[in-house]
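Chain identifiers are assigned alphabetically (A, B, ...) following the order of the sequence lines, protein sequences preceding nucleic acid strands; residue numbering begins at 1 within each chain.
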Number of protein chains: 2
Amino acid sequence: MQNSQAMALSAALLSAAGELTQRIHEGVVARGFEGVRPAHGFAFTRLSRGGATATDLAAHLGVTKQAASQLVDELVRKGYAERRPHPDDARARLVVMTERGWACAHAAEESAADAVRPWVERLGERKARALLDQLTAVAPDGPIRPTW
Amino acid sequence: MQNSQAMALSAALLSAAGELTQRIHEGVVARGFEGVRPAHGFAFTRLSRGGATATDLAAHLGVTKQAASQLVDELVRKGYAERRPHPDDARARLVVMTERGWACAHAAEESAADAVRPWVERLGERKARALLDQLTAVAPDGPIRPTW
DNA sequence: CTATATAGTCAGGCAGCTTGACCAAATCGT
DNA sequence: ACGATTTGGTCAAGCTGCCTGACTATATAG
């Protein structure tokens, strides 16, 4: 693969990721969840598996723990999450999603399905799945970097 | 395709885009170009086709013209680009890349190739090309959104 | 030849992140 | 068992990159 193609791949990846994020976000807002940002959605994907600490979130989002803590503040203030004492560690606080948090995460999934649908229609089910498979093969579990 | 898979696709896309951007940037810095950010690289891809106005860049990057103008200031100050009077429009300024700008863009291409190489090795040449084709099919020419 | 649109700049503000310093609880080493 | 180090979290201050709003100068339309 030539240099220019590598560059094209990067650009396509970025453009696709940006557009998808944008559309998902719009869909979430349209479903009545105001005041949320994409970064909150990325936090939900981590919180939805039994909660997480602020430090966990920081690693998952690729930011400092202070930034993650601020983000949790915001989620709590807006009613999407709450802090509980951590069962095993008196220093830590376990952040868990509220009912409203789950509703928002669900809305995000619906919105994501809406955003991806035109892609599936254009590529066909088989190629769309291949795209997903190939992407998950190359980008398994690095931190989500909502900004650069 | 189910909702959760759409979400997985989005997450994989974001993670891949973030990692790739990060690696390309590191490669560019390693080649001796300090003080550049990924957004500058995205600007180069637009400037490299005969130059562009600040407003063109704004549209390409998905930011306001003021932000684009600031970015051009930075590129000029660091020696990567220069402003020239626009041949057809006395209001406008044509931003073109300097010699150093071209060198930096070239370094970015090399770096992109390095960053993509492990993916090609993991997927194989054929699937890697399929990935590129499918991505360019779904995300043709939307604005690059370096931040959200 | 006025009226509107467009390219660019100047000024001010702010959201989201960073670094640095600190406290309290957990873990390690001896 | 106990001091030393690590780890989870907070507070405070500051900065970067972007935004909105207001403005000038040139181009384009009616």
Quickly work out the [X] [atom1] to [N] [atom2] distance and round it to whole Å.
X: B/Leu75; N: D/dG17; atom1: CG; atom2: C1'; result: 14 Å
X: B/Leu57; N: C/dT9; atom1: CG; atom2: C1'; result: 16 Å
X: B/Leu94; N: C/dT6; atom1: CG; atom2: P; result: 20 Å
X: B/Leu61; N: D/dG17; atom1: CG; atom2: C1'; result: 13 Å
X: B/Arg93; N: D/dT26; atom1: CZ; atom2: P; result: 12 Å
X: A/Gln70; N: D/dC15; atom1: CD; atom2: C1'; result: 13 Å
X: A/His60; N: D/dG8; atom1: NE2; atom2: P; result: 17 Å
X: B/Asp56; N: C/dT6; atom1: CG; atom2: C1'; result: 12 Å

Under 4.0 Å: is that the gap between some side-chain N or O of [X] and OP1 or OP2 of [N]?
X: B/Thr55; N: C/dT6; value: no
X: B/Arg37; N: D/dG17; value: yes
X: B/Thr53; N: C/dA7; value: no
X: A/Ser69; N: D/dT10; value: yes

Counting any heavy atom closer than 4.0 Å, what does A/Ala67 reach on the DNA or RNA strands: base, sugar-phosphate only, or nothing?
base
Pairwise distance NZ(A/Lys78) to OG1(A/Thr98) - rounded to 0.5 angstrom:
13.5 Å
Could you work out how much the helix from C/dC1-D/dG30 to C/dT30-D/dA1 bends, comparing the axis of its first five pairs with that of its last five, to 10°?
40°
Salt bridge (Lys or Arg N to Asp or Glu O under 4.0 Å) partners of residues 91-107 of chain B, not counting sequence neighbours, each pair once:
B/Asp89-B/Arg91
Partners meeting side-chain hydrogen bond (donor to acceptor under 3.5 Å, both in side chains) with A/Gln70 (sequence neighbours left out):
none
Pick from A/Val72, A/Val28, A/Leu71: which one makes a side chain to side chain contact (heavy atoms under 4.5 Å, CB included) with A/His40?
A/Leu71
With A/Arg46, which residues qualify under side chain to side chain contact (heavy atoms under 4.5 Å, CB included), at least two apart?
A/Ala52, A/Asp56, A/Leu57, A/His60
When you measure from the side chain of B/Ser69 to the backbone of B/Lys65, do you find a donor-acceptor pair of N or O atoms at a distance under 3.5 Å?
no
What is the per-nucleotide protein-contact pattern of nucleotides 21-28 of chain C, from the 5' end, where B denotes a base atom under 4.0 Å from a protein heavy atom, S denotes such proximity for sugar-phosphate atoms only, and - denotes neither?
---BBS--
Please find the pair of heavy atoms, one from B/Tyr80 and one from B/Glu34, that lie closest to each other, and give the distance.
OH-O, 3.4 Å
Side chains of B/Leu47 and B/Val96: does their closest heavy-atom pair fall under 4.5 Å?
no
Side-chain donor-acceptor contacts of residues 106-116 of chain A below 3.5 Å, not counting sequence neighbours, with atom names and distances?
from, atom 1, to, atom 2, distance (Å)
A/Glu110, OE1, A/Arg31, NH1, 2.8
A/Ser111, OG, A/Ile24, O, 2.9
A/Asp114, OD1, A/Arg117, NH1, 3.0
A/Asp114, OD2, A/Arg31, NH2, 2.8

